[in-house]
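Report on the structure given below.
The structure presented is a predicted model; accordingly, all values stated were derived computationally and were not measured.
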Amino acid sequence: MTPAVSIVALAQPKIAYLSILPVLVMLGGAVAILAASSLLRRRVDATTTTVMAVMTTLAALSLSLVQWFDVANHGAHVSIDSAVVEDGFSSLVAILVTCAAFLSALVADGWMRREQATGPEFQALMLLSSSGAMIMAEANDLIVVFLGLEILSIALYVLAAMNARRAESGEAALKYFVLGAFSSAVFLYGVALVYGATGSTNLPQIADYLARNVLLHNGLLLAGMALLLVGFGFKVAAVPFHLWTPDVYQGSPSPATGFMAAVAKAGGFAALLRVFVSSFGTLRTDWQPAVWVLAAITLLLGAVVALAQRDIKRMLAYSSINHAGFVLLGLQVASARGVEGSLYYLFVYTFMVIGSFAVVTVIGGPGDSRHDLDRYRGLASRRPWLAGSLGILLMAQAGIPFTTGFLAKLEVISASVGGRSTALAVIAMVSAAIAAFFYLRVILLMYSPPAVSGAPAPGSDPVGTSPSGPDGSAETPEAAGEVAPTLTLLAEGPDELESSPLGGTTATAIALCVAVTVLFGVWPAPLVNLAHQATLLFR
């Protein structure tokens with residue numbers, strides 16, 4: 001007699017589509033752009049792809065705001081078999097990422113027109129990378145964190161190589177890819193060790209296991225946590241995992257660099273804060289010293305090495321390393337106030353860095369290779385609007401009062417002092433003072449008189465005279481058959497005449513970044529309350 005076979009119904013995970021709808025919109029927008037370019041007979045121009053990317057980001061931003069109000073009214077909840085969490089933290093990061101993608105799409109439009117890069121790839125890759133950062137923010141499982149990390153990173157590798165006319169762009173992408181693949185392997189090995197020590201990759205289950213059990217031999221878990229920290233450290237450009245940053249920032253297209261600086265940090269720090277503060281909070285005494293050291297050397301090296309840079313993109317690369325050190329202050333404290341300070345810092349930094357690289361994109365000119373600091377000498381006399389905008393954004397990054405950067409630094413330093421990490425707070429203030437020098441140096445260059453070619457050296461004779469005539473009288477160059485040198489402004493040479501005009505989309509992005517930086521620097525309450533509410537709703 002044949003034994004009866006029992007049929008077990010598959011358990012369908014509960015899917016709350018609102019939790020993942022902003023991500024689905026970003027992915028759908030990227031697919032729509034690629035489909036339109038593939039299926040339509042006529043070539044899809046830059047205007048069409050930019051409009052589609054902007055509409056996608058605005059739709060995702062609207063849904064992220066809806067998600068925020070849903071969490072505020074009904075509280076946080078998980079979905080997809082507890083793999084995704086919808087809370088205030090993930091909603092705020094989604095708002096941040098969609099804003100960054102919107103601004104980057106506007107900046108990229110002008111760059112694509114100038115470089116005649118009319119394909120849809122740039123905008124589609126930005127949307128895909130943004131979706132990866134949003135997945136990292138709402139991930140409730142280490143496997144989902146890794147999935148978001150790879151979606152974020154692979155798109156960035158290609159974006160770094162988008163300028164096919166520059167050998168430096170391909171070199172930057174290759175360096176980023178090789179080191180990024182290595183860091184992903186390290187991160188995944190850390191996930192495996194954590195699973196071996198706790199029996200789960202789900203973040204709440206890991207936290208519950210550590211709260212209920214005392215590990216007598218926790219070497220496996222500590223090794224896993226260390227490898228996770230290394231993997232995250234690469235993505236956020238923390239020292240000593242920063243070595244890719246200056247070369248990649250310098251070689252990548254400037255719009256891609258600004259996007260990378262904002263979104264990669266947002267996604268990396270979002271996952272880092274959630275994993276270590278939420279899941280490994282009971283072991284904070286084990287990992288806080290390591291984060292303390294990381295933050296200290298990141299703050300100091302980023303500020304000190306930036307002083308020696310003559311390329312503005314490399315300078316901003318080390319500046320971003322210094323900013324990563326400030327965000328690490330909030331993680332090191334491992335408190336609600338620390339998370340709040342880090343969130344606020346990430347939010348305002350997004351607008352500062354994208355606006356700065358938008359100006360750099362314009363000044364870089366055709367070929368996107370004119371980034372020596374001497375190009376900025378006398379910029380205020382030639383393009384006062386650009387100089388004023390960059391000056392405001394650099395002052396915000398330096399932490400000048402009445403800008404968002406001042407309150408961001410104050411928040412994380414205050415949290416560090418409140419968490420009894422006074423020495424680290426002092427190091428942060430010293431690094432801020434050092435960093436102010438190279439920011440103000442660029443501002444002084446922009447507002448200094450343009451350099452003059454052929455001008456006499458101090459103490460020399462005026463141009464056109466020479467005391468060496470045979471009779472002792474002054475002999476003019478014309479009398480000696482010479483031609484008097486012509487005074488020319490270096491800043492108005494042929495290269496400057498070839499600089500790209502300021503397009504409407506790029507000007508809009510710069511104006512929005514400056515407006516947010518100034519408005520919420522003078523009136524900080526809305527953004528501070530937003531970060532505070534996100535921390536209260538942090539699961």
Side-chain angles (χ1 to χ4, degrees), residues 237 245-246 249 257-258 261-262 265 295-296 298-330 341-342 344-360 363 371 373 376-377 379-380 386-416 424-448 510 513-522 524 527-528:
T245 310
Y249 276 41
T257 307
K265 274 189 172 48
T298 301
L299 286 165
L300 291 176
L301 187 139
V304 172
V305 180
L307 295 174
Q309 305 305 311
R310 296 298 306 172
D311 184 287
I312 194 165
K313 290 179 75 174
R314 291 185 72 89
M315 187 203 81
L316 290 174
Y318 283 104
S319 164
S320 75
I321 294 171
N322 179 256
H323 288 297
F326 277 98
V327 183
L328 283 172
L329 292 181
S342 294
Y344 180 81
Y345 202 108
L346 286 171
F347 200 97
V348 301
Y349 173 73
T350 295
F351 291 89
M352 292 188 289
V353 73
I354 292 179
S356 298
F357 276 105
V359 177
V360 169
I363 303 301
H371 299 300
L373 288 181
Y376 292 80
R377 185 180 297 275
L379 180 64
L386 280 179
S389 300
L390 183 58
I392 291 172
L393 295 168
L394 291 179
M395 284 191 292
Q397 294 190 55
I400 303 299
F402 302 109
T403 63
T404 53
F406 171 75
L407 190 58
K409 285 181 167 58
L410 182 62
E411 284 286 322
V412 291
I413 290 175
S414 299
S416 186
L424 186 59
V426 171
I427 293 174
M429 289 186 285
V430 170
S431 76
I434 297 172
F437 175 81
F438 58 77
Y439 291 126
L440 296 178
R441 176 179 63 182
V442 177
I443 297 173
L444 289 176
L445 277 174
M446 292 192 297
Y447 285 90
S448 62
I510 295 173
C513 292
V514 172
V516 170
T517 301
V518 174
L519 175 63
F520 294 109
V522 178
L527 286 186
V528 173

Do [X] and [Y] make a side-chain contact, defined as non-hydrogen atoms from C-beta onward lying under 4.5 Å apart?
{"X": "Tyr376", "Y": "Val360", "result": "yes"}
{"X": "Val348", "Y": "Thr517", "result": "no"}
{"X": "Ile510", "Y": "Leu386", "result": "yes"}
{"X": "Thr245", "Y": "Ser320", "result": "yes"}
{"X": "Leu329", "Y": "Leu299", "result": "yes"}
{"X": "Lys265", "Y": "Val327", "result": "no"}
{"X": "Thr298", "Y": "Asn322", "result": "no"}
{"X": "Leu316", "Y": "Val353", "result": "no"}

If every non-hydrogen atom of [X] is compared with every non-hydrogen atom of [Y], which pair is closest and at what distance?
{"X": "Gly258", "Y": "Ile354", "result": "O-CG1, 3.8 Å"}
{"X": "Phe438", "Y": "Ala303", "result": "CE2-O, 3.4 Å"}
{"X": "Pro246", "Y": "Arg314", "result": "CB-NH2, 3.5 Å"}
{"X": "Ser416", "Y": "Ala425", "result": "OG-N, 3.9 Å"}
{"X": "Gly330", "Y": "Ser342", "result": "CA-OG, 3.2 Å"}
{"X": "Met315", "Y": "Ala306", "result": "CG-O, 4.0 Å"}

Nearest 0.5 Å, what's the [atom1]-[atom2] distance between [X] and [Y]?
{"X": "Phe357", "Y": "Ile312", "atom1": "CZ", "atom2": "CD1", "answer": "8.5 Å"}
{"X": "Tyr349", "Y": "Ser319", "atom1": "OH", "atom2": "OG", "answer": "6.0 Å"}
{"X": "Thr403", "Y": "Ile392", "atom1": "OG1", "atom2": "CD1", "answer": "10.0 Å"}
{"X": "Phe326", "Y": "Lys409", "atom1": "CZ", "atom2": "NZ", "answer": "4.5 Å"}
{"X": "Phe351", "Y": "Phe520", "atom1": "CZ", "atom2": "CZ", "answer": "8.0 Å"}
{"X": "Thr404", "Y": "Phe347", "atom1": "OG1", "atom2": "CZ", "answer": "10.5 Å"}

Could you tell me which residues satisfy ring pair (Phe, Tyr, Trp, His ring centres under 6.0 Å) with Tyr249, sequence neighbours excluded, listed by chain and number?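 Testing Tyr249 for ring pair (Phe, Tyr, Trp, His ring centres under 6.0 Å), a comparison that skips the adjacent residues, returns none.
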Give a yes or no on whether the backbone of Leu445 and the side-chain of Ser448 come within a donor-acceptor separation of less than 3.5 Å.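 At least one qualifying donor-acceptor pair exists.
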Do Ser356 side-chain atoms and Met352 backbone N/O form a donor-acceptor pair below 3.5 Å?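 The answer is yes, because a donor-acceptor pair under 3.5 Å joins these two groups.
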